[in-house]
Amino acid sequence: MQNTPFDTPDVTLITPTATVATPTHGGRAKCLQRLVRLNLPVPQTVALSFSTVHQIATGVLPDVDGILQRFKDGCLLCVRPSSEDPDWGGPGAVLNIGMNDARFVELSDRIGADAAAQIYKRFVQTYAIHVARLDPDIFDDIADDGQIGLGQSLRAYEDEAEEGFPQSPARQLAEVLRSMARAWEGTTARLLRQAKGAPMDAGLGLVVQEMALGLGQGECGSGVLQLVNSRTGENQITGRYLSQSQGREALDGGTRALFLERDPRGPSLEELAPEAFAELNAHAALMRQRLREEMQIEFTIENGELHILDGVRAKRSPQAAVRISVALAEDGIIPRHEALLRVDPHALTELLHRQVADDADRDVLGAGIAASPGAATGRIVFTAADAQASAARGEACILVRRETAPEDIRGMHAASAILTERGGMTSHAAVIGRGMGLPCIVGAARMKFHVQRKKLISEDGRSLSEGDIITIDGTSGQILAGAPKMVEAAQDDVFRTLMSWADAERDIGVRANADTPADAQTARNFDAQGIGLCRTEHMFFEEDRLTPMREMIFANSAQDRKATLALILPMQRADFTELFRIMQGQPVCIRLFDPPLHEFLPHDRAGLRDMAEALDMPVSEVTRRVESMGEYNPMLGMRGVRLGVTVPEIYDMQARAIFEATLDASRDGAPVVPEIMIPLVSAKREVEIVRTRIDAVAAAVRNERGKDFTYRLGVMAETPRACLRAEEIAQHAHFLSFGTNDLTQMTYGLSRDDAGRFMSDYVKLGVFNEDPFHVLDTDGVGELVKLGVQRGRAGREGITMSVCGEHGGNPESIAFCRAVGVDYVSCSPFRVPIARLSAAQLAIRDKMESGKY
Ligand code: PEP
Ligand code: MG
């Protein structure tokens, strides 16, 4: 094909050398040019640029006769949309433009009157509905597909439009172009594509292509082919072919449609037209190789001859996206770093957890904050004890609470998913849910939670009781009735291969937040480079520890406290030894006790009675003591290092347990260098006081055991003051770890447990772009992190910096952390792969920018 003198970049025949580009003509036009360059049998095509189409929408038409002159006389045309990104949609294609009474006669001679009538009738109806905008009902009673049906359709058009069907191909083409251009500029279409990420001013290109008919004599038909399965990504020729059809009809062709490859389920194109099939396959393989992508091909066979009409990127599930990228790299078609860039880290979530299937029916009962991804079905239970009983019967259950507290932990372990009325991204249920990989929705405040009466009322007023089956979709935040269809998690060898490539690229570390041996094992399975945060308070809620813990809280003197802590010490030592053993010499960062003590005390009558029994005290005395420990703002009260300074025996016990476990685990495994972290610091003196005591405990353990060990002491920077005073605080610390959950709470003055109530309104109204507990607020909270890193490094050269708040597993937040110079991020074990891939992509993009790739 030669460029003609008519060609300009705005209206151009697609030739190998024409000026056609995705940002100006759209992806379809560009892809067609690539196919032309590969010498594939693509019918003659003209591309119209975004600016031309925009002009058409405002009423300025290009030279339509000039466009028609680029095609063979008497051929039919189709017009297809060509947007920059195919996911942004666009108006539907219009086929068979140019069909009129004269061409009907010519075509009848060539392909038979019935086939010609069918083509003409289809065009009349499509034109009437999509271009002339007539009421589709006018064709409702027309059943005949031949000449009778054609006559009826033409008459119906004439009656409704009050003029005959336009016979001029130029007028037909002009009207089609105008209607497609206007459809793209309409408000509904714009809002729809903006929802898919398109910019306000996204353009539309159009391609005008000669039709290969697909109807007529000899073997004629159309079909769609791709070389992979869109769900699994495995190599498999998929698609259908339908004789005497056009466009994508084969995909809706039911049993009349043929398989492509020979198939035991029914007849195939391979058997019907072996040569065309072989040619099609060869073209598809060439496209994969040269377009460096798995494509879906639209093709037509006209009297035995194959035409390739179009190629679009094959649709794919996240699982398929991983497999396709890895296969393209392993076949040497794309480099590994490009394979890594082609997988969306957010989409990995779907590979790490069971999900509600895309095509499942969703009977939505309500919605809340999607706090921990994945989906689970089970019977509703309203208490942690019922969840345990349900698990003991082997019945899956969903734990429904107003909010969860540490005492619910065993019930949470027993449940398949968690639903709470209150809370936000970093409230107790959310943090624990993510840690355990348990689907969780919090802040579902539009549903009514009558926990005492064991009733849950859906947003539309349906009443659910204990034992009813619901599904928690923690990925979307929807609560669904019943048990919709699910798809299983799929971390296979291909996933691991991709992850190993990611590890070779990234330049920041990724650790996991893990509190229990099970979490630590998950962290290892996901190849975390150690534990970045072990929240030790989660270890105190086991039945055998709660009572000594309560005794310790109620103790009247330091002496009594020590005695009860001595009961807890061996248990903590065993916890830490186990963690160190599982992590096999990798760093383990243990945070000293953080929450307010009263969280360990019972809140209801039954609990108070149990406690009175265990401590051999009158209920009234227990009640009085519990009440006296209450605080107005416990999250800003006697917690974290404040507890360590005022009740130092707890940290002493924990330090001893850590050091003894260090020696025990080092005896028969890799040497352990524990990291001890002090929470909620706001002043340098707090660190000095705690450090002096911990050093003394270390010296005592060294003496008693006659063995040496080292340890690293660090500070959690999670109050604004700790960030601002990082320079002096860093002088006493080997590392600073930014606790961005508390830091967000304190910077905004926004309770992390209550934010769920208004967060969705705030995001909807654009007050916040995102939930700041989910995506780090780089402007405010981020500014404090940045200052903290700079000042901390000024105070102590080479100090390790990390982020261990939930943001450590969020791709956008990781980009910020890396940019400000954080050494590693630490996140829930199930988010470790997401963090590994995100970090790799950031490093790759930097290398690309600096020309290293
Ligand atoms: C934090 O505050 O960011 C943090 C990691 O600690 P926690 O969530 O346990 O308060
Ligand atoms: Mg914190």
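Whatever order the structure lists ligands and atoms in, that order sets their numbers, starting from 1.
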If I take atom CZ from residue R656 and atom CD from residue E660, how far apart are they, to the nearest 0.5 angstrom?
5.0 Å
List every atom of ligand 1 that sits less than 4.0 Å from any heavy atom of G805, numbering the atoms from 1 in the order shown and giving each element.
3 (O), 5 (C)
Would V431 count as a contact of ligand 1 if the rule is a heavy atom under 4.0 Å away?
no
Give yes or no for whether the N/O distance cutoff of 3.5 Å, strictly under, is met between E537 and ligand 1.
no
Which ligand 1 atoms does C804 reach within 4.0 Å, using its non-hydrogen atoms?
5 (C)
For R752, is the nearest heavy atom under 4.0 Å from an atom of ligand 1?
yes
Going through the checks in order, is the side chain to side chain contact (heavy atoms under 4.5 Å, CB included) test met by D823 and S802?
CA-CA 6 Å; D823 298 296; S802 62; 5.9 Å; no
Kindly compute the distance separating SG (C589) from NE2 (H734), expressed to the nearest 0.5 Å.
12.5 Å
In ligand 1, the atoms that come under 4.0 Å of a heavy atom of M716 are 4 (C), 5 (C), 6 (O)
For the Mg ion (ligand 2): the N/O/S atom of D742 at shortest distance:
OD2
Within the 4.0 Å heavy-atom cut-off, what N741 brings close to ligand 1 is both
Atom 6 (O) of ligand 1: which protein heavy atom is closest, and how many Å away?
R591 NH1, 2.9 Å
Under 4.5 Å between any side-chain heavy atoms of N741 and H807, yes or no?
yes
Does a donor on one side chain and an acceptor on the other come within less than 3.5 Å for Y762 and N769?
no
Ligand 1 contact by T426, heavy-atom criterion under 4.0 angstrom:
no
Just by modelled atom types, is the F773 backbone N or O under 3.5 Å from a matching donor or acceptor in the T426 side chain?
no
Which option wins on minimum heavy-atom distance to atom 2 (O) of ligand 1: R535, R639, E718?
E718
Report yes if F738 has an N/O atom closer than 3.5 Å to an N/O atom of ligand 1; otherwise report no.
no
Are Y651 and F593 near enough that their ring centres are under 6.0 Å apart?
no
Per-atom filter on ligand 1: closer than 4.0 angstrom to a heavy atom of L533 are 5 (C)
What N, O or S atom of E718 is found closest to the Mg ion (ligand 2)?
OE1
Any chance the rings of F659 and F576 have centres within less than 6.0 Å?
no
